Enquirer: 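Below is one structure. I have some questions about it.
Worth saying up front: this structure is predicted, and the values here are computed from it rather than measured. In what follows, every chain begins at residue 1, and chains take the letters A, B, ... in the order their sequences are listed.
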Amino acid sequence: MTNFVEELRWRGLLHDIMPDTEAHLLEHATAGYIGFDPTADSLHIGSLVQILILKHFQNAGHKPIALVGGATGMVGDPSGKSAERNLLDEASLQKNIEGVKAQLSRFLDFNSSENPAELVNNFDWMKDISLIDFVRDTGKHITVNYMMAKDSVKKRLSSESKVGMSFTEFTYQLFQGYDFYHLYKEMDCKLQMGGSDQWGNITTGTELIRRKAQGKAYAITVPLVTKADGTKFGKTEGGNVWLDANRTSPYKFYQYWLNASDEDAEKYIKIFTFLDKEAIEALIIEHRETPHLRLLQKKIGEEVTIMTHGQEAFDNAIKASQILFGKSTSEDLKSLDEQTFLDIFEGVPQASVSKEDIDNGLDMIGALAAKTGFLNSNGEARRALKENAISVNKEKVKEDFVISTSDIIANAYVLLQRGKKNYFLLKIA
RNA sequence: GGGGAGAUACUCAAGCGGCCAACGAGGACGGACUGUAACUCCGUUGACUACGUCUUCGCAGGUUCGAAUCCUGCUCUCCCCA
């Protein structure tokens with residue numbers, strides 16, 4: 001058994017810890033859990049931290065339990081929310097649970113002989129509890145005064161909050177507390193971990209265990225991952241960065257990490273990779289000497305992408321990145337087979353043009369605006385051409401350029417580009 | 001209820017009879033530079049059949065050779081006094 005708490009500490013992943021937790025974990029192989037909300041059918045990289053914590057926990061010789069909140073997801077956690085949440089209907093909840101389960105299984109080892117991971121759904125034990133039982137056996141142990149003292153509740157009761165809080169959300173912490181109690185009783189689970197916003201909910205659990213079972217349970221929270229520029233971690237203009245390849249392609253996923261700022265990268269390499277302390281320190285030093293090489297960002301991107309999507313997806317992401325950002329030429333583009341080409345430009349907006357148009361030679365104004373809608377107006381197209389902003393198949397073109405048959409890539413496409421980052425595909429139909 | 005101010009392009013904000021497709025700032029986009037970055041510099045930012053034409057300055061009318069600018073009505077916003 002290695003020192004799990006120390007591991008979190010040097011990685012900057014320790015926010016709050018209950019007294020005696022570290023000592024207990026050093027002496028006993030312990031079962032510990034983290035809950036995941038099935039609010040969508042995929043987790044995003046915000047949840048990745050929690051998953052990796054469980055993985056570290058397992059690596060340290062303890063038993064990780066991933067709890068999917070099938071029941072609590074029906075109630076809604078008020079923590080960190082300023083307004084009442086919408087409830088999910090049962091069908092989408094079920095779909096989400098399945099999706100989240102599948103993703104968790106990728107990261108944790110469920111077949112270890114020593115300390116296999118386990119996946120549980122709190123709906124399984126919550127569904128049979130009657131309201132009367134719950135109120136008598138659980139509610140009796142926790143005072144409303146105690147519950148009201150939690151930040152998540154206080155914030156919503158204070159005058160700052162314009163909306164009130166429903167009884168449903170008020171009850172949430174008792175539900176989560178009961179989960180902890182249940183796992184404590186049934187699986188000898190003595191530790192709950194989670195984001196720093198979960199501290200209140202977790203301590204309701206340890207309190208319940210103390211009063212109802214005269215037991216001792218422990219808690220660890222990890223800090224919220226932040227970005228140096230103050231924007232929200234895990235968000236792009238396109239929305240959340242998901243772990244599901246269908247929602248966020250491995251290429252975009254890799255790019256997200258690659259684009260991290262230097263300051264963030266020094267934090268992220270500790271949080272999101274399993275490299276040891278020496279390796280990370282060496283990398284950081286090297287990175288500071290040659291920041292333009294972006295060793296840290298590349299390493300993080302590599303480790304996390306492989307961990308999440310596998311080696312092959314990572315290789316493709318690299319290939320795509322080189323084509324999009326490297327010094328690739330139209331020759332490189334033309335050498336691609338159709339499948340790879342489509343993978344790389346997956347999600348790029350496109351429009352169809354007829355084969356005849358190409359055969360007859362398509363002028364640039366038509367290709368950019370009149371026939372495709374890539375740019376808003378012919379005037380804008382003319383301006384862009386004048387600004388030297390337009391490329392066809394990665395090569396800059398002038399207003400008099402005409403697209404012809406020889407420009408077709410992968411049998412049916414022509415790649416248009418405005419500036420460096422705006423791509424558009426013409427599909428020859 | 002009484003009095004006052006205002007509504008201009010993505011946002012803020014000039015203009016107050018012709019020189020206005022409308023100063024300036026921010027944003028956005030592009031170019032140079034760069035690390036697929038930051039900073040900096042430069043350019044573009046109503047449309048078109050494009051050295052010209054057309055449609056825009058809350059809405060609808062009017063005055064005038066000519067209106068974002070003046071007049072009338074309407075809608076909305078803000079402020080002050082009750």
Enquirer: Counting only Watson-Crick pairs (N1-N3 plus N6-O4 or O6-N4) and G-U wobbles (N1-O2, O6-N3), all under 3.5 Å, who is the partner of B:A14?
Expert: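 With both distances under 3.5 Å required, B:A14 matches none.
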
Enquirer: Output the single nucleotide from B:G30, B:G35, B:A50 whose closest atom is nearest the side chain of A:R418.
Expert: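 For the A:R418 side chain, the nearest candidate turns out to be B:G30.
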
Enquirer: Please list, by residue number, the residues of residues 287-303 of chain A whose heavy atoms come closer than 4.0 Å to an atom of RNA chain B; answer none if no residue qualifies.
Expert: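 Per residue number, the list reads A:P291, A:H292, A:R294, A:Q297.
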
Enquirer: Look at the side-chain N and O atoms of A:K421 and state whether any lies under 4.0 Å from the OP1 or OP2 oxygen of B:A37.
Expert: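 Indeed, a polar side-chain atom of A:K421 lies that close.
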
Enquirer: What is the glycosidic conformation of B:C51: syn, defined as within 90° of 0, or anti?
Expert: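 This nucleotide is in syn.
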
Enquirer: What is the distance from CG of A:L258 to C1' of B:G35, rounded to the nearest Å?
Expert: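 Going from A:L258 (CG) to B:G35 (C1'), I get 9 Å.
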
Enquirer: Only one of A:Y251, A:F253, A:W242 passes ring pair (Phe, Tyr, Trp, His ring centres under 6.0 Å) with A:H309; say which it is.
Expert: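 Looking at A:Y251, A:F253, A:W242, the match for A:H309 under the ring pair (Phe, Tyr, Trp, His ring centres under 6.0 Å) is A:F253.
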
Enquirer: Are A:F233 and A:F272 an aromatic pair by the rule of ring centers under 6.0 Å?
Expert: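 Close enough - the centres of the two rings lie under 6.0 Å apart.
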
Enquirer: I'd like to know if A:E286 pairs up with A:K299 as an ion pair, taking the criterion as any Lys NZ or Arg NE/NH1/NH2 lying under 4.0 Å from an Asp or Glu carboxylate oxygen.
Expert: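 Salt bridge between A:E286 and A:K299, a charged N being under 4.0 Å from a carboxylate O: no.
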
Enquirer: Any carboxylate oxygen within less than 4.0 angstrom of a Lys/Arg side-chain nitrogen, looking at A:E6 and A:R9?
Expert: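 Here A:E6 pairs with A:R9 in a salt bridge, since their nearest N and O are under 4.0 Å apart.
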
Enquirer: Do A:N388 and B:G30 have a side chain to base donor-acceptor pair shorter than 3.5 Å?
Expert: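 Not at all, since no donor on one side and acceptor on the other fall under 3.5 Å apart.
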
Enquirer: Mind checking whether A:H62 and A:F57 have parallel, tilted or perpendicular rings, split at 30° and 60°?
Expert: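 The rings of A:H62 and A:F57 lie parallel, inter-plane angle below 30°.
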
Enquirer: In whole angstrom, what separates A:L368's CG from B:U44's P?
Expert: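 A:L368 atom CG is separated from B:U44 atom P by 20 Å.
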
Enquirer: Applying the Watson-Crick and G-U wobble criteria at under 3.5 Å, what pairs with B:G1? Answer none if nothing qualifies.
Expert: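 Partner of B:G1: B:C81.
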
Enquirer: When the nearest nucleotide of RNA chain B is assigned to A:I390 and to A:R382 on a heavy-atom basis, which residue is associated with the more 5' position?
Expert: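 Result: A:I390.
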
Enquirer: Distance between the C1' atoms of B:U64 and B:C70, in whole angstroms?
Expert: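 Pairwise C1' distance, B:U64 against B:C70, rounds to 9 Å.
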
Enquirer: Atom CD of A:E387 and atom C1' of B:A32: how far apart are they, to the nearest Å?
Expert: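 Going from A:E387 (CD) to B:A32 (C1'), I get 13 Å.
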
Enquirer: Please state the C1' separation for the pair B:G73 and B:A21 - nearest whole angstrom.
Expert: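 The answer is 29 Å between these two C1' atoms.
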
Enquirer: Calculate the interatomic distance between A:I318 atom CD1 and B:U36 atom P; express it in whole Å.
Expert: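 Spelled out: CD1 on A:I318 to P on B:U36 is 13 Å.
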
Enquirer: Under 4.0 Å between any heavy atoms, over every strand shown, what does A:S321 touch: base, sugar-phosphate, or nothing? Just pick one.
Expert: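 Base, at least one base atom sits under 4.0 Å.
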
Enquirer: Determine the contact category for A:G379: base if any of its heavy atoms lies under 4.0 Å from a base atom, sugar-phosphate if only primed atoms, P, OP1 or OP2 are that close, otherwise nothing.
Expert: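 Here A:G379 touches the bases of the nucleic acid.
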
Enquirer: If you measure from CD on A:Q50 to CZ on A:F107, what distance do you get to the nearest 0.5 Å?
Expert: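 Those atoms lie 12.5 Å apart.
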
Enquirer: Using whole Å, what does the distance between atom C1' of nucleotide B:A38 and atom CD of A:E263 come to?
Expert: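 Between C1' of B:A38 and CD of A:E263: 12 Å.
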
Enquirer: Apply ring-ring contact (aromatic ring centres under 6.0 Å, His included) to residues A:Y218 and A:F4 and explain how you reach the verdict.
Expert: CA-CA 14 Å; A:Y218 303 92; A:F4 171 67; over 10 Å; no

Enquirer: Go ahead and name the base partner of B:C70; Watson-Crick or wobble counts if both distances stay under 3.5 Å, otherwise write none.
Expert: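 With both distances under 3.5 Å, B:C70 matches B:G62.
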
Enquirer: Roughly how far apart, to the nearest Å, are B:U49 and B:U53 at atom C1'?
Expert: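 Rounded to whole Å, the distance is 10 Å.
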
Enquirer: Suppose you measure atom C1' in B:A60 against the same atom in B:U11; what distance do you get, rounded to whole Å?
Expert: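 My reading of the C1' atoms in B:A60 and B:U11 gives 28 Å.
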
Enquirer: Find the partner of B:A22: check Watson-Crick (N1-N3 plus N6-O4 or O6-N4) and G-U wobble (N1-O2, O6-N3) distances, both under 3.5 Å, and reply none if neither fits.
Expert: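 Pairing partner, where one exists within any strand: none, as none qualifies.
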
Enquirer: Taking the C1' atom in each of B:G27 and B:C12, what is the distance between them to the nearest angstrom?
Expert: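 So the two C1' atoms sit 10 Å from each other.
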
Enquirer: Using the C1' atom as the point on both nucleotides, what is the distance between B:U55 and B:U8, in whole Å?
Expert: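 Straight-line distance between the two C1' atoms is 16 Å.
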
Enquirer: Whom does B:C51 pair with, Watson-Crick or G-U wobble, provided both distances fall under 3.5 Å?
Expert: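 By the stated definition (distances under 3.5 Å), nothing pairs with B:C51.
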
Enquirer: Would you check if there is a donor-acceptor pair between the side chains of A:N3 and A:E22 at a distance under 3.5 Å?
Expert: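 There is such a pair (donor and acceptor under 3.5 Å, judged by atom type) between the side chains of A:E22 and A:N3.
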
Enquirer: If we take the C1' atom in both B:G26 and B:A13, what is their distance in whole Å?
Expert: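 It comes out at 11 Å once rounded to the nearest Å.
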
Enquirer: Between the base of B:U36 and the side chain of A:Q255, is there a donor-acceptor distance below 3.5 Å?
Expert: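 Present.
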
Enquirer: Evaluate the ring planes of A:H182 and A:Y178, with Trp represented by its six-membered ring, and classify them as parallel (under 30°), tilted (30 to 60°) or perpendicular (over 60°).
Expert: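 A:H182 vs A:Y178 ring planes: tilted.
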
Enquirer: Please give, in whole Å, the distance from B:G31 P to A:R383 CZ?
Expert: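 Nearest whole value for this atom pair: 15 Å.
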
Enquirer: What nucleic acid atoms does A:N422 come within less than 4.0 Å of, heavy atoms only: base, sugar-phosphate, or nothing?
Expert: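 Sugar-phosphate contact only.
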
Enquirer: For A:K396 and A:K386, find the nucleotide of RNA chain B closest to each by heavy atoms; which residue's nucleotide sits nearer the 5' end?
Expert: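 Going by which nucleotide is closer to the 5' end, it is A:K396.
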
Enquirer: Of the listed nucleotides (B:U36, B:C29, B:U44), which one gets closest to any side-chain atom of A:F325?
Expert: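 For the A:F325 side chain, the nearest candidate turns out to be B:U36.
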
Enquirer: For B:G6, which nucleotide in any strand shown is its Watson-Crick or wobble partner with both distances under 3.5 Å?
Expert: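 Answer to the pairing question: B:C76, which forms a Watson-Crick or G-U pair with B:G6.
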
Enquirer: Using atom C1' in both nucleotides, what's the gap between B:C16 and B:C57 to the nearest angstrom?
Expert: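 Looking at atom C1' only, B:C16 and B:C57 are 12 Å apart.
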
Enquirer: Which listed nucleotide (B:C33, B:C48, B:A50) is nearest to the side chain of A:S377?
Expert: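 Among the listed nucleotides, the one closest to the side chain of A:S377 is B:C48.
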
Enquirer: What's the OH-P distance between A:Y251 and B:U36, to the nearest Å?
Expert: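 So the two atoms are 12 Å apart, to the nearest Å.
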
Enquirer: If the threshold is 4.0 Å, N to carboxylate O, is there a salt bridge linking A:R382 and A:E399?
Expert: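 Salt bridge flag = yes for A:E399 with A:R382.
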
Enquirer: I want to verify a distance call: between B:G43, B:U34, B:U36, whose nearest atom is closest to the A:Y254 side chain?
Expert: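 Within the option list, the nearest is B:U36.
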
Enquirer: Provide the Watson-Crick or G-U wobble partner of B:U45, both distances under 3.5 Å; none if there is no partner.
Expert: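 Here B:U45 is engaged in a pair, and the nucleotide opposite it is B:G27.
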
